[in-house]
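One structure is given below, encoded as structure tokens.
Positions are given from 1 along the sequence. Any value given below was found using the heavy atoms of this structure, including those in side chains, with hydrogens, waters and symmetry copies removed.
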Amino acid sequence: MTLRVVAAPAAPAEIETDEMSKYDVIIVGAGHSGLVAGFYLARAGLKVLTLERSYQVGGTCITEEVFPGYRGSSIANSCHSLDPRIAGDMELEKHGLKLTHPALNSLTLFSNGDALVMWPERERRRAEMERLAEPGDMQGFADVMQFYQNVARKMGVSFYDPAPSLEEVAARFKEPADKEAFNLVMFGSVGDVLDRHLKSPWLKAFLAGTAMATNLVGPRTPGSGYILLQRPLQEESMRRSGVVFESNELMMKNASPIGGVGAVTQAMARANESLGVEIRLESPVRELLCDNGKVKGVVLESGEEIEATRVLANINPKTVLTKLVPANQLPPEIEERARKLSMHGSSSKVHLALKGTPRFNRARNDEENTQFLGTNFRVVPSIDVLQESYNEATMGRWSPHVTISGVVSSAADPDMTPPGCHFMSLSVRGTPYHLAEGSWDDQREALGNAVVETLSRNIGNIKDIIEGISVYTPVDLERNYGMAEGNGAHGDIVPGRIFDARPMPGCSNYTTPIEGLFMCGVGNWPGNFMSGLTGYNASRKMLGEFHPAH
């Protein structure tokens, strides 16, 4: 059959209105962080207006009908990092959110057709790891986990507190061994960490694949091991603040919302509306109203002006500082550095409409295949291929040996597709926004085919059941979803872009030099994907209550 390659949907149409209003706070962007912030600000009694450029709330955490009759998580794949305190405060279950918890922690597919299956039973999981391990690797794997937990504990950093400086954090590592560990995480690579403890290329690939999650780094890039610290740091933060959470020895968590990841943000929107937050869709903001370094409101693309003495921007910080803030409002030095702020996005999305059930080669029976379908999976060919992909991306090319993170949304909710069919959402890494030759429109189909070819090595029947292919290139992600240069983290989460240097020195802790202008997107500390923490912290900063709650 002929495969249909689909581009990302066009940007929403503008609306026109002459209405003038006055609000306490205007939030620009109804992504998950903006919705979290809006909830807490409204709960504190403020009159809040949230403006969203798209036809639905959620930003990149949305469910879409990408093919006729096929719906699924289209940009973000999962909500496993969602902070449990935020979910509880917002009463997301009361507002319609239903979560399922897959039995498997994760599934990692390798280039040789084999896979690492993290079974729920500890002994079975251990036997699976031993099958791929070399002598000493089982203890080495445990040592890697313990290494990161120890560093997280020594850092003494809470995701709920104001971001510290690198100097403050470094000073907490006093003993020689502790200093060595800190330097290894911050200035070494994830490859350096893994080489110290592991020999098996497959166990190394399993962990290195996690470190490559969204950043444009390779396993041999200095600082690439920091992303493996995010989960331990979040757990330490929750533990110290008395937040109840589920943990396991792999420091992994899995949750599948019924209705796709967009069901989470839809529930968040209902929580906002229950407190009186006004959410206006298809209302793109063109510019911030500023006067002598103070924010006064916003101007929509339609020309409508809306007044407010406080604005909270839930979009890429670089976009805020260089496009929304009018010229000559920021200090010249800040404005210059903001323009030089690098994004270097490397993410694409590929969606597959499947007229049948994918069969994983590693599954020995239907029961195991069903378990595989229900969990997040990754295709991580090897640590060498990860490095090759990074090398190619830095030269403006993408490797056909793609690295993939995927989810089958319809496995948790069969109503999202026609009977017996499935929707697969795939995040592809190592696809540079800036190409050395040609354009992404020219290479869209080739990328889709490379993804299918890669999957076919681990899912034997994938080519036989494809009904359609949709490809969102890095350019599509920027144009239609606000991901500058296709960077899902709004700036890589690496040393130099963390703590009070996130998004950049002089614009940290959710504030800007513009009086009344705050930022809450994941480009701010601690990043942490779909946790909601940047929205939670920014709302508290705006309210002047920046201390651990409860």
Side-chain angles (χ1 to χ4, degrees), residues 1-14 53-56 59-60 62 64-68 70-77 214-216 282 284 301 315-316 318-319 322-323 342-354 379 388-406 423-456 462-463 466-490:
M1 65 177 293
T2 301
L3 301 181
R4 184 166 61 94
V5 179
V6 185
E14 300 171 7
R53 71 194 292 266
S54 180
Y55 68 95
Q56 65 171 324
T60 59
I62 53 175
E64 291 183 298
E65 186 178 41
V66 179
F67 310 94
Y70 288 81
R71 298 173 58 247
S73 304
S74 62
I75 310 299
N77 281 344
T214 58
N215 297 330
L216 180 55
E282 297 182 295
E301 290 285 357
I315 55 179
N316 188 294
K318 183 173 183 177
T319 302
T322 64
K323 294 184 179 180
S342 64
M343 288 296 119
H344 297 310
S346 61
S347 296
S348 300
K349 289 293 302 190
V350 174
H351 310 105
L352 303 180
L354 305 174
V379 181
E388 175 201 340
S389 177
Y390 166 73
N391 293 341
E392 290 292 291
T394 60
M395 293 186 285
R397 302 189 293 263
W398 55 273
S399 168
H401 305 296
V402 290
T403 302
I404 301 168
S405 299
F423 178 93
M424 188 177 285
S425 178
L426 306 165
S427 298
V428 184
R429 311 302 180 196
T431 50
Y433 175 88
H434 299 283
L435 292 172
E437 297 181 3
S439 71
W440 270 116
D441 286 336
D442 298 332
Q443 299 184 37
R444 184 191 311 278
E445 185 171 359
L447 177 60
N449 290 337
V451 168
V452 171
E453 188 62 36
T454 298
L455 286 176
S456 69
I462 194 76
K463 293 181 180 179
I466 291 179
E467 184 74 18
I469 304 175
S470 160
V471 179
Y472 296 177
T473 70
V475 175
D476 296 324
L477 294 176
E478 177 180 69
R479 181 171 52 228
N480 299 301
Y481 300 97
M483 289 171 56
E485 297 192 18
N487 192 307
H490 293 182

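For the atom pair CE (Met483) and NE2 (His490), the distance works out to 7.0 Å, reported to the nearest 0.5 Å. In this structure, the separation between CG on Asn487 and CG on Leu216 is 8.5 Å, given to the nearest 0.5 Å. For the atom pair Thr319 OG1 and Met343 CE, the distance stands at 7.5 Å (nearest 0.5 Å).
Closest approach of Thr473 and Ser348 over heavy atoms only: CA-OG, 4.1 Å. Nearest approach of Gly448 to Ile469, heavy atoms of both residues: CA-CG2, 4.3 Å. Residues Leu426 and Gly406 approach most closely at CD2-CA, 3.8 Å, considering heavy atoms. Of all non-hydrogen atoms in Asn480 and Arg53, the two that sit nearest each other are O-NH1, 3.1 Å. Minimum interatomic distance between Leu477 and Tyr472 (heavy atoms only, all atoms of both residues): CD2-CB, 4.0 Å. Among all heavy-atom pairs drawn from Pro474 and Thr431, the shortest one is CG-O, 3.4 Å.
Partner of Lys349 under the side-chain hydrogen bond (donor to acceptor under 3.5 Å, both in side chains) criterion, out of Ser427, Ser470, Ser74: Ser427 alone.
Side-chain contact between Arg71 and Phe423 is absent, with no heavy atoms from C-beta onward closer than 4.5 Å. The closest side-chain heavy-atom distance from Ile62 to Tyr481 is below 4.5 Å. Between Ile462 and Leu352 the shortest side-chain heavy-atom distance falls below 4.5 Å. A 4.5 Å side-chain heavy-atom check between Glu453 and Lys463 finds at least one atom pair inside the cut-off. By the 4.5 Å heavy-atom criterion applied to side chains, Val428 and Thr403 are not counted as neighbours. A heavy-atom distance below 4.5 Å is not found between the side chains of Val471 and Trp440. A heavy-atom distance below 4.5 Å is found between the side chains of Tyr70 and Glu467.
Remark: side-chain polar atoms of Glu478 are paired, donor with acceptor, to backbone N or O of Glu485 under 3.5 angstrom.
Listed by first then second residue, pairs satisfying salt bridge (charged side-chain N to carboxylate O under 4.0 Å, His left out) with a partner in residues 424-441 read Asp441-Arg444, not counting sequence neighbours. Legend: salt bridge (charged side-chain N to carboxylate O under 4.0 Å, His left out) pairs involving residues 395-405, not counting sequence neighbours, sorted by first then second residue: Glu392-Arg397.
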